[in-house]
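I have placed the structure first, in the form of structure tokens, so that the comments after it can refer back to it.
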2 protein chains.
Amino acid sequence: MTRWGIATTSSANPARSYHHGDLRQALIDSAAQLVHEKGPAGFSLREVARRAGVSHAAPAHHFGSTKGLLTAVASAGFEHLTEAMRAAVVGVEDPAERLRRLGRAYVGVSIRFPGHVALMFRSDIVDHDDEFFAACGLEAYAELDQTLEMVREAYNPDLDVQLAGKFVWASVQGLVDLSADFGPLDEKREVATHDLGALIDGFVVLMLDGFRQRT
Amino acid sequence: MTRWGIATTSSANPARSYHHGDLRQALIDSAAQLVHEKGPAGFSLREVARRAGVSHAAPAHHFGSTKGLLTAVASAGFEHLTEAMRAAVVGVEDPAERLRRLGRAYVGVSIRFPGHVALMFRSDIVDHDDEFFAACGLEAYAELDQTLEMVREAYNPDLDVQLAGKFVWASVQGLVDLSADFGPLDEKREVATHDLGALIDGFVVLMLDGFRQRT
DNA sequence: GGTGCTATCTTGACACTGTCTAGTCAATGG
DNA sequence: CCATTGACTAGACAGTGTCAAGATAGCACC
């Protein structure tokens, strides 16, 4: 699997080795693995410590509380999402195709790492006011914003990019949200995970038609 | 506040009084109140029992586990949502206006009862396979479906109502999801709760343009 | 080289959680 | 009237997050 734990929140010196070597990063990795396996609900600070081979109170020293550690994991999740989105559109010029690929990348990440995506939007257990986390979120959003700017230029100079951005993001996140947990929207499982991509394509067509200038 | 606890899951006789009178309903009410105050995260089975004035193991007898009780609360939430959506469009003929009102109703509920809405889509703590819960979800969705059928007739006979339904629901739920927890999408709080209605209006315009038949 | 000093981590405790088991007690059916 | 069943209580168990106090290692400084 892709390497998750990438970044830290604020402290600068990651390689300094005291007792453990690099406990902070090790904890993030263990936590990410645990979130990946059991989702945010199955997460436990003590279990993370156990996996990292340290005592149960060790994480508190680095992250303050559970929220701190989860925030770090969520930040790494956003970084991965940004990376995936960026890679999906590199070299692609057509705005419509870019939008489609962004959507598919988003859905792809949410399918491969449902635990992380679920975590990222849980404000009750993740500190959304954290500086680094907010920056990571903005970075991902900027990727979409850029493409929407291209849509505006190509399709409709009057397009409200801000509104469109929120609209697209909300649509995709809503789809992920509703289908990831097999919500009441698709009680018959008609929307299986492998159909999500196709669904996204349909969404994009509808969105683009909505964005187009009316003749 | 509106009375939440409305329905039970499967048992038929609600008014039968044994020791307590109607513990099942009392527990749902207490649980709903607790969810309303502290959200799904702050929920505790023991706290609910405490508020209802019974022992900590009493709820298990009626609901099996925490999940069972939360599922009942979530079902009541959906019933309330359905009611709100239905009331919002009664007597309104114009499809566009209906869609707009449905969206505003949805957002209105999510603002007034954020805890419930957050709960309803948490598949980890709510049993989405529960029969009654699924039925409640479908009922709400049917309300949207009906209006979209009207949109199809009025705007575009080729409209894929199924796709459009998922699209609309995902968009609105995504918006609620992203802004209710003040996600990274609006780190500057530019999307305050009172702006959500206006945002929904913008969404609806974009959606309708997407649904329209191209000339 | 020795002496603080601070960051790192451990150990133990506390209050709390959900669930399981056994027991109590009321209400109903025969 | 009595037995059975449903409703609920009381206690225990394993697990949780967080706090307080202690141990230990690395570093700066004299």
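Note: hydrogens, waters and symmetry copies are ignored here, and every other heavy atom, side chains too, is used. Just so we're on the same page: letters track the sequence lines, and every chain starts at 1.
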Task: Among B:V172, B:D201, B:V107, B:V176, side chain to side chain contact (heavy atoms under 4.5 Å, CB included) partner for B:L196 - done: B:V107

TODO: Would you mind reading off the distance between A:F43 atom CZ and C:dT17 atom P, rounded to a whole angstrom?
DONE: 20 Å

Task: Salt bridge flag under 4.0 Å for residues B:R51 and B:E37 - done: yes

Task: Sugar-phosphate, base or nothing in reach of B:A60, heavy atoms under 4.0 Å - done: nothing

Open item on the list: Can you see if the side chain of B:S65 gets near the phosphate of C:dG18 - specifically, an N or O under 4.0 Å from OP1 or OP2?
Closed with: no

Open item on the list: Rounding to an integer number of Å, can you tell me how far A:I125 CD1 sits from D:dG17 P?
Closed with: 12 Å

Open item on the list: Salt bridge or not between A:E47 and A:R50? Use side-chain N to carboxylate O under 4.0 Å.
Closed with: yes

Open item on the list: If you take the centroid of each ring, where Trp contributes its six-membered ring, are A:F113 and A:Y106 closer together than 6.0 Å?
Closed with: no

- [ ] Starting at atom CG of B:L69, determine the distance to atom P of C:dG18, rounded to an integer number of angstrom.
- [x] 10 Å

Open item on the list: For D:dG6 and B:H62 - does any side-chain N or O of the residue sit under 4.0 Å from the phosphate oxygens OP1/OP2?
Closed with: no

Task: Atom-pair distance (CZ on B:F63; P on D:dC8), nearest Å - done: 11 Å

Task: Rounded distance [0.5 Å steps], CG in B:L138 versus CD in B:E143 - done: 12.5 Å

- [ ] Using atom NZ of A:K38 as one end and atom C1' of D:dT16 as the other, report the distance to the nearest whole Å.
- [x] 13 Å

Open item on the list: Just N and O in the side chain of A:T66: are any of them under 4.0 Å from OP1 or OP2 of D:dT18?
Closed with: yes

TODO: With sequence neighbours left out, write down each residue that passes side-chain contact (heavy atoms from CB on, under 4.5 Å) with B:A49, or none if nothing qualifies.
DONE: B:V54, B:P59

Open item on the list: Taking 4.0 Å as the cut-off, does a side-chain nitrogen or oxygen of A:S55 come that near to OP1 or OP2 on C:dT11?
Closed with: no

Identify all pairs in which a protein N or O lies below 3.5 Å from an N or O of nucleotides 11-14 of chain D, and state each distance.
| unit_1 | atom_1 | unit_2 | atom_2 | d |
| --- | --- | --- | --- | --- |
| D:dG11 | O6 | B:H56 | NE2 | 2.8 |

Task: Which nucleotide in C:dG18, C:dT11, D:dT9 has an atom nearest any side-chain atom of B:A58 - done: D:dT9

Open item on the list: In whole Å, I'd like the distance from the CD atom of A:E47 to the P atom of D:dT16.
Closed with: 7 Å

Open item on the list: What is the separation between atom CG on A:L23 and atom C1' on C:dT10, rounded to the nearest whole Å?
Closed with: 12 Å

TODO: Round to the nearest Å and state the distance from B:L45 atom CG to C:dC20 atom C1'.
DONE: 13 Å

Task: A:H61, nearest nucleotide to its side chain (from C:dT8, C:dT17, D:dT18) - done: C:dT8

TODO: Answer yes when A:R104 and A:E97 have at least one side-chain N-carboxylate O distance shorter than 4.0 Å, and no when they do not.
DONE: no

